[in-house]
Amino acid sequence: MGRLIGVVLSTSHQWMVRAGFFLGLFVVLACATAGFGLHQVQVQLEAAAAAQLKKSAATAEAVQALFVELEDKVTAQACSPAFLSQMRLVAMRPDGINEMIYMPNGIPVCSANFAQFDTQINLGPPEATEFSDRLSALWLHQPLDDLGYPGMVGTMLRHGDFAVIVPAGTNEPQLAWAEQAVALKLSDGRLKRVDVAATPWPFDASGVPYGSPDELLPRLWHVRCQTDGNVCVSQTTSIAIVLNQFGEWIWFGLIVSALAAAWLSGLAHGMLRHYFAFEARFLRNFTADRIICTYQPVLDMATGRINGCEVLVRWRDLDDRVVFPDQFLPIIEKRGMTVALTRFVIDRAHAELTANMPPQRPLQVNFNVCPRDLDAATLLPLFNRFDLDTGRFRIVVEIVETEAFDFEKVSRAIDELRRVGIGCYLDDFGRGFSSLHSLAGLSVDGVKLDRSFSMAADASLLGQMLPEALAMVRHAGRKTIVEGVETEDRLRMLRATGLVDFVQGYLISRPVPIQRFVQVLTEHDVAPRQPATPVHAQGTVVALRR
Ligand code: C2E
Ligand code: CA
Ligand code: CA
């Protein structure tokens, strides 16, 4: 699941997500189209079976009626002129069955067209005799030469002393792409195929088509019987034949499915992207369990020891990637969720620090707070859990000036916080809104110099402004934290100014999880850095200009 979400979220895998959508939708649409196509084939098989059954049943009924009529109306002496004319009268029927033969004991003697057959005609054994009382015998594919139709074959049905010839064409296949079978029921219930000689009814006893052994795909079929069940018709075809027969339609269906899948996959992908857009998924998952706190040590220049840490927040994304605050803080600020963030961070840091820090080791803990949340009524209940009176943890608020703020309100809050022992620093001093005006007007403990100063090259303007900025803060009677210290050179240089109270930066440690932080702390406590020797401020500024 995590891997799947990772793929969905990753920008480089979007083509895979889209392709996945396309393939999935294409398969679904192609299957739906195939299902519809097969259904249509089945509908056509059913319609063809119904049409053929109607035709075959009508013939069967006509033959039955004809035998009744022959027995009723052809009563003169056998094969006499009166007998023949009675037979001809019966033969004048609209159903096309007008060839009838007088054949007592199965031996043709005379017919409506032939007063008397010259020779004794041997019809050979009939195809079937086991019909109930409706028929006595059936000859399929019977040569009719001797019966007066040279070169013709036909189906002969016998009942009592008479036989009739069913004209060809009654069982013509209804569909070019399906095999048709017409059957009559035998007295034992089996079906006897009556459209093609010597060919069995193509279904086994359970009604499943035999199908040839080399047929890999299943067969499609439909069987329909007359209500009394005496005549049955079936239509069967194979998928292979259907594929062959409807090739153009299949291509058409595939192309339409592909086009529809391309369009729908675009829509679905767009919706997915919208759903999993960073802001949307962050807002859905901004919960305490996804908040990660990291701790970056702060070094006290006077002692060379780590005296505290800054708590820096991260958010765990759905794919477990760690997201840095620059990505989600703008959303938090835009949506007015800063207090919730501060609460999550304080709660988590409190739980982790109390659980992991050696109890006897005091620590200053710096939290980042936006000016809009700088309100004692909001913050004190949150910080109170640190048992401020015990002195184990000293709390410092770094005021992150990312926006213009209500000076009066912030000033009041700083006073109230400091009254209960919570330190207040101006963060990112020298950048954005964090100005000299704030330094002069707010009773903060100190400032955290923006890291653009400490990271600037010596020769750059910012680099050259660094000593002056430090001197100015010192002159205002405030403490200074310099962040962004990455090299020994820079630390040495800051130490030489004698104007820096605390430093923080990758040189000492990156922001790390609590367990690693406690490790770094322990290692440092064993081997502290060299403390800064007090230097006269004025002299240092000159020295730094080099
Ligand atoms: P910040 O308060 O200026 O935090 C210091 C940032 O500098 C951190 O970035 C830290 O990782 C980075 N940093 C520290 N030492 C060095 C270094 O030697 N070199 C360089 N290049 N960078 C260094 P991070 O953690 O990405 O935090 C960015 C900002 O997000 C913070 O800037 C702070 O304004 C804000 N932030 C972090 N945690 C919180 C929080 O819990 N609440 C609020 N409101 N804002 C927070
Ligand atoms: Ca900060
Ligand atoms: Ca900063």
So does [Y] get a backbone contact from the side chain of [X], meaning a donor-acceptor N/O pair under 3.5 Å?
| X | Y | result |
| --- | --- | --- |
| Arg343 | Thr338 | no |
| Glu398 | Asp427 | no |
| Ser454 | Glu483 | yes |
| Gln14 | Ser10 | yes |
| Asp406 | Lys409 | yes |
| Thr294 | Leu312 | yes |

remark   = Given the options Gln504, Arg394, Glu310, Asn366 meets side chain to side chain contact (heavy atoms under 4.5 Å, CB included) only with Glu310

inquiry  = Checking side chain to side chain contact (heavy atoms under 4.5 Å, CB included) between Phe502 and each of Leu299, Asn307, Ile306, which is the one that passes?
reply    =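 The side chain to side chain contact (heavy atoms under 4.5 Å, CB included) with Phe502 is passed solely by Asn307 among Leu299, Asn307, Ile306.
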
For residues [X] and [Y], determine if any side-chain heavy atom of one lies less than 4.5 Å from a side-chain heavy atom of the other.
| X | Y | answer |
| --- | --- | --- |
| Val518 | Pro358 | yes |
| His350 | Phe383 | no |
| Val503 | Val298 | no |
| Arg314 | Val323 | no |

Salt-bridge contact [X]-[Y] (side-chain N to carboxylate O under 4.0 Å):
| X | Y | result |
| --- | --- | --- |
| Asp501 | Arg474 | yes |
| Arg495 | Glu488 | no |
| Asp317 | Arg281 | yes |

Please round to the nearest 0.5 Å and tell me the distance separating atom [atom1] of [X] and atom [atom2] of [Y].
| X | Y | atom1 | atom2 | result |
| --- | --- | --- | --- | --- |
| Asp445 | Ile481 | CG | CD1 | 9.5 Å |
| Arg290 | Arg348 | CZ | CZ | 11.5 Å |
| Leu382 | Asp373 | CG | CG | 9.5 Å |
| Gln235 | His222 | CD | NE2 | 9.0 Å |
| Ile514 | Asn356 | CD1 | CG | 5.0 Å |
| Thr303 | Arg529 | OG1 | CZ | 12.0 Å |

query = Taking all atoms of both residues into account, what is the closest heavy-atom pair of Val473 and Phe429, and its distance?
reply = CG2-CE2, 4.1 Å

inquiry  = Which heavy atom of Cys293 sits nearest to which heavy atom of Val311, and what is that distance?
reply    = SG-CG1, 3.9 Å

ask   = Applying side chain to side chain donor-acceptor pair (under 3.5 Å), which residue pairs with at least one partner in residues 244-265 are found, sequence neighbours left out?
value = Thr33-Ser257

inquiry  = Quick one, Leu439 with Arg478, criterion side chain to side chain contact (heavy atoms under 4.5 Å, CB included). Give me CA distance, side-chain angles, the key distance, then yes/no.
reply    = CA-CA 9 Å; Leu439 176 65; Arg478 308 284 201 269; 3.6 Å; yes

key: Audit row: Val17, Phe22, side chain to side chain contact (heavy atoms under 4.5 Å, CB included) steps and yes/no   = CA-CA 9 Å; Val17 177; Phe22 173 79; over 6 Å; no

task = Please step through side chain to side chain contact (heavy atoms under 4.5 Å, CB included) for the pair Trp221 and Phe203, ending with a clear verdict.
result = CA-CA 10 Å; Trp221 78 91; Phe203 296 86; 3.2 Å; yes

query = Looking at Tyr506, is Arg510 sitting on its ring face, NZ or CZ under 6.0 Å from the six-membered ring centre and within 45 degrees of the normal?
reply = yes

inquiry  = I want to check a possible cation-pi pair here: Arg516 against Tyr295, using under 6.0 Å from ring centre and within 45° of the ring axis as the test.
reply    = no

request  = Count the heavy atoms of every other residue, nucleotide or ligand shown that sit under 6.0 Å from OH of Tyr275, and state whether that count exceeds 12.
outcome  =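 No, not enclosed.
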
inquiry  = Which residues pass the salt bridge (charged side-chain N to carboxylate O under 4.0 Å, His left out) test with Asp489, not counting sequence neighbours?
reply    = Arg492

message = Using the rule ring-ring contact (aromatic ring centres under 6.0 Å, His included), only one of Phe278, Phe328, Trp315, Phe344 pairs with Phe286; which is it?
response =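 When Phe278, Phe328, Trp315, Phe344 are each tested with Phe286, the ring-ring contact (aromatic ring centres under 6.0 Å, His included) holds only for Phe344.
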
